Number of protein chains: 2
Amino acid sequence: MASHAHTSEASCIESFRASVAPALGDRTVADQLCSIGEYFALSPDEQFPASIDKDHLVYLASGAAKLVSLEHPPLDAQTRGHILGFHFADDIVSILRKPGGGSSLTALTHIELVAFSAEEFLDIAQADPALLRSVLIKSLDSLQRTRTRMIRIGHQTARQRIAGFLVNMAERICGCMSGPCEIALPMGRSDIGDSLGLTIETVSRQFTELRKSGLISTPGRGIVGLSDIDALKCEAGL
Amino acid sequence: MASHAHTSEASCIESFRASVAPALGDRTVADQLCSIGEYFALSPDEQFPASIDKDHLVYLASGAAKLVSLEHPPLDAQTRGHILGFHFADDIVSILRKPGGGSSLTALTHIELVAFSAEEFLDIAQADPALLRSVLIKSLDSLQRTRTRMIRIGHQTARQRIAGFLVNMAERICGCMSGPCEIALPMGRSDIGDSLGLTIETVSRQFTELRKSGLISTPGRGIVGLSDIDALKCEAGL
DNA sequence: CGATCAATTGACTTAGCTCAAAGCATGTGG
DNA sequence: CCACATGCTTTGAGCTAAGTCAATTGATCG
């Protein structure tokens with residue numbers, strides 16, 4: 001788990017190498033991949049990629065980011081893209097442009113990433129079927145998670161979605177699966193709402209409801225204390 | 001496009017072979033795949049697989065089916081799984097079991113399919129990186145489509161979702177991208193509603209609204225006439 | 001210490017859900 | 001062939017969760 005902040009390009013690439021290593025039968029493939037990977041460090045609100053010319057696979061080395069859908073580009077300046085999901089250190093994110101609107105990664109905290117052109121990545125990975133397979137498995141997982149999230153958004157109440165969101169964040173941010181836990185949310189109410197298909201106000205109201213129910217506490221800006229993850233899971237209908 | 005009904009196992013397997021052929025550099029890999037593929041013919045409401053023991057990749061040779069989420073199995077007999085999406089002839093469907101609830105394919109019409117154990121499929125596919133890559137691309141496409149659908153469900157009105165659904169079906173069922181078009185929907189209002197996160201009643205009301213607006217007509221059971229696909233696209237906010 | 005921006009709270013509106021009652025097909029048995 | 005039962009679809013009449021609009025509070029920062 002390379003979840004701490006890195007200080008240099010070399011250190012990021014090293015942690016990428018460690019992350020894919022289990023799947024790699026061949027050392028030279030790893031070297032080739034590392035040689036085409038481009039390092040980026042972004043400050044909050046900065047976006048990758050600036051121009052959406054092709055598909056990318058991105059290894060997020062540190063920090064937190066949101067994946068944002070870019071509607072058919074110049075719909076109007078008003079329409080901000082919607083949030084597809086959040087990503088954290090050690091995630092591999094697929095940034096696709098595809099038909100009628102792709103996506104881009106926007107930094108929530110200071111982040112470091114290693115970016116690959118999807119095409120180049122796959123050209124090299126083809127030499128190592130085990131790696132290709134592992135990327136495929138990861139993307140099937142991602143598909144499964146997105147399907148689940150879709151159902152939730154379609155069939156759950158605001159309260160269930162918020163509870164589910166918190167359970168999810170606890171697991172992804174600090175690895176907590178049960179018991180009490182305190183997490184620092186890197187995103188604002190607005191991003192939370194958008195990702196769940198709710199408004200800022202509703203998110204806020206649900207937070208206060210949960211606080212009144214004693215399930216959470218909000219000791220400070222962006223900090224949430226979960227008194228009991230299992231109770232929240234239950235609240236989320238899991 | 002192998003969208004007509006097949007009459008035999010051999011004919012289905014042949015059409016699977018034709019479907020993956022473009023990605024295959026190696027003929028023997030195709031033969032191996034065909035040899036492990038299991039043929040099934042299902043009547044409406046029958047399910048695949050009966051027991052959810054492992055992940056499957058399924059080639060749908062003919063007919064229409066719905067992909068249904070199986071919640072943490074025995075939640076209660078009341079809770080019917082929600083609909084993840086619809087599939088038609090020539091689709092490749094990934095049926096995952098994963099953590100806390102997988103999915104299964106339920107026939108809407110009479111269907112024929114060729115099923116592979118995901119593991120066995122990938123073991124063989126590893127010998128042919130081009131095939132593996134093509135499966136990966138397909139699953140990334142699927143991910144992209146699911147992401148888009150998730151946003152829609154989260155941020156669109158009932159009317160927009162129904163309009164979008166009809167546009168989608170026109171494209172997938174009869175390949176129509178614009179102009180007028182008549183489609184035979186293989187699923188009932190209940191399935192439509194569930195897949196969009198709406199109730200039967202709301203779906204029905206939206207259909208009559210669209211009918212009043214002159215955008216569609218419903219000449220008979222399960223038949224919908226779209227007077228102008230582009231107008232519907234606009235209605236759907238595309 | 002104001003200025004700014006995010007979060008909260010309140011009052012009101014509304015889209016879509018729930019409950020309930022008809023319609024309308026399709027199929028079955030007499 | 002008709003009578004009737006069954007299962008979809010449509011339509012109607014409230015109800016409620018969540019959205020909208022608007023004002024207040026609270027943090028963060030130059």
Side-chain angles (χ1 to χ4, degrees), chain A residues 43-45 66 78 80 82-83 106 108-109 151-166 183-213 216-225 235-237, chain B residues 43-45 66 78 80 82-83 108-109 151-166 184-213 216-225 235-237:
Chain A
S43 306
D45 283 337
K66 57 183 174 183
Q78 191 70 333
R80 305 247 331 269
H82 292 149
I83 291 183
T106 303
L108 287 167
T109 65
I151 289 188
R152 298 250 164 89
I153 289 183
H155 298 278
Q156 294 197 302
T157 66
R159 177 147 191 181
Q160 291 177 308
R161 292 184 227 180
I162 296 290
F165 169 81
L166 290 173
I183 51 186
L185 295 178
M187 74 292 284
R189 298 286 185 268
S190 153
D191 285 338
I192 296 175
D194 193 271
S195 80
L196 298 172
L198 300 170
T199 58
I200 320 180
E201 294 95 326
T202 301
V203 173
S204 183
R205 277 187 254 270
Q206 294 306 324
F207 267 90
T208 63
E209 287 289 312
L210 289 171
R211 206 180 310 120
K212 281 177 188 165
S213 307
I216 66 170
S217 58
T218 50
R221 185 139 211 91
I223 314 282
V224 187
E235 201 68 42
Chain B
S43 307
D45 283 338
K66 56 183 175 185
Q78 192 70 334
R80 307 247 332 268
H82 292 151
I83 291 184
L108 288 168
T109 65
I151 289 189
R152 298 250 164 89
I153 290 182
H155 299 279
Q156 295 197 300
T157 67
R159 176 147 192 180
Q160 291 176 308
R161 293 185 227 179
I162 296 289
F165 169 81
L166 290 173
L185 295 178
M187 73 292 283
R189 299 284 185 271
S190 154
D191 285 338
I192 297 174
D194 192 271
S195 80
L196 298 173
L198 300 170
T199 59
I200 319 180
E201 295 93 327
T202 302
V203 173
S204 184
R205 276 186 254 271
Q206 293 307 323
F207 267 89
T208 62
E209 287 288 312
L210 289 172
R211 205 180 311 121
K212 281 176 189 165
S213 307
I216 66 170
S217 58
T218 52
R221 189 137 207 91
I223 315 282
V224 188
E235 201 67 41

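None of the values given here were measured: they were computed from a predicted structure. Sequence lines set the chain letters: A, B, ... in the order given, protein chains first and strands last, and positions in each chain run from 1.
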_Would you compute the distance between atom CD1 of A:Ile192 and atom CD1 of A:Ile162 and round it to the nearest 0.5 angstrom?_
6.5 Å
*Indicate, with a heavy-atom threshold strictly under 4.0 Å, whether A:Arg159 touches base, sugar-phosphate, or nothing.*
nothing
*When rounded to the nearest 0.5 angstrom, what is the spacing between OG1 in A:Thr109 and CE in A:Met187?*
10.0 Å
*asked:* If I take atom CG in residue A:Leu196 and atom C1' in nucleotide D:dG19, what distance separates them, rounded to the nearest angstrom?
replied: 15 Å
*Roughly how many Å is it from CG in B:Leu108 to P in D:dC8, rounded to a whole number?*
13 Å
*asked:* Regarding A:Thr202 and A:Arg161, do their side chains bring together a donor and an acceptor under 3.5 Å, going by distance alone?
replied: no
*Can you tell me the distance, in whole Å, between the CG atom of B:Leu185 and the C1' atom of D:dC8?*
14 Å
*Tell me: CD of A:Gln160 to C1' of D:dA17, nearest whole Å?*
12 Å
*Reported OG1-to-CZ distance for the pair B:Thr199 and B:Arg189, which is rounded to 0.5 angstrom*: 12.5 Å
*What are the 5'-most and 3'-most nucleotides of DNA chain C lying under 4.0 Å from any heavy atom of chain A?*
C:dA6 to C:dA11
*May I ask you to say what A:Gly197 touches in the nucleic acid, namely base, sugar-phosphate or nothing, with a heavy-atom cut-off under 4.0 Å?*
sugar-phosphate
*Where is the tightest heavy-atom contact between A:Ala184 and A:Ile223, given as atom of each residue plus distance?*
CB-CD1, 4.2 Å
_Point-to-point distance, once rounded to the nearest 0.5 Å, from OG of A:Ser195 to CD1 of B:Ile151_ = 10.5 Å
*What is the distance from CG of A:Leu198 to P of D:dT20, rounded to the nearest Å?*
11 Å
*Identify, between A:Val203 and B:Met187, the residue whose nearest nucleotide on DNA chain D lies closer to the 5' end.*
B:Met187
_Audit row: B:Leu196, B:Arg152, side-chain contact (heavy atoms from CB on, under 4.5 Å) steps and yes/no_ = CA-CA 9 Å; B:Leu196 298 173; B:Arg152 298 250 164 89; over 6 Å; no
*Can you check whether A:Asp194's main-chain N or O pairs, donor with acceptor, with B:His155's side chain at less than 3.5 Å?*
yes
_Whole-Å gap separating C1' (D:dG19) and NE2 (B:His155)_ = 13 Å
*From the options D:dA18, D:dA22, D:dT9, select the nucleotide whose nearest atom is closest to the side chain of B:Arg189.*
D:dT9
*When rounded to the nearest 0.5 angstrom, what distance separates CZ in A:Phe165 from CD in A:Gln206?*
13.5 Å
*If a protein heavy atom is under 4.0 Å from the base, mark B; if only from the sugar-phosphate, S; if neither, -; do that for nucleotides 25-30 of chain D going 5' to 3'.*
--SS--
*Presence of A:Thr202 side-chain N/O under 4.0 Å of D:dG19 phosphate oxygens OP1/OP2*: yes
_Which residue lies more 5' along DNA chain D, comparing A:Thr157 with B:Glu201 via nearest heavy atoms_ = B:Glu201
*asked:* In whole Å, I'd like the distance from the CG atom of B:Asp194 to the P atom of D:dC8.
replied: 14 Å
*Roughly, in whole Å, what's the span from CD1 in B:Ile162 to C1' in D:dT10?*
14 Å
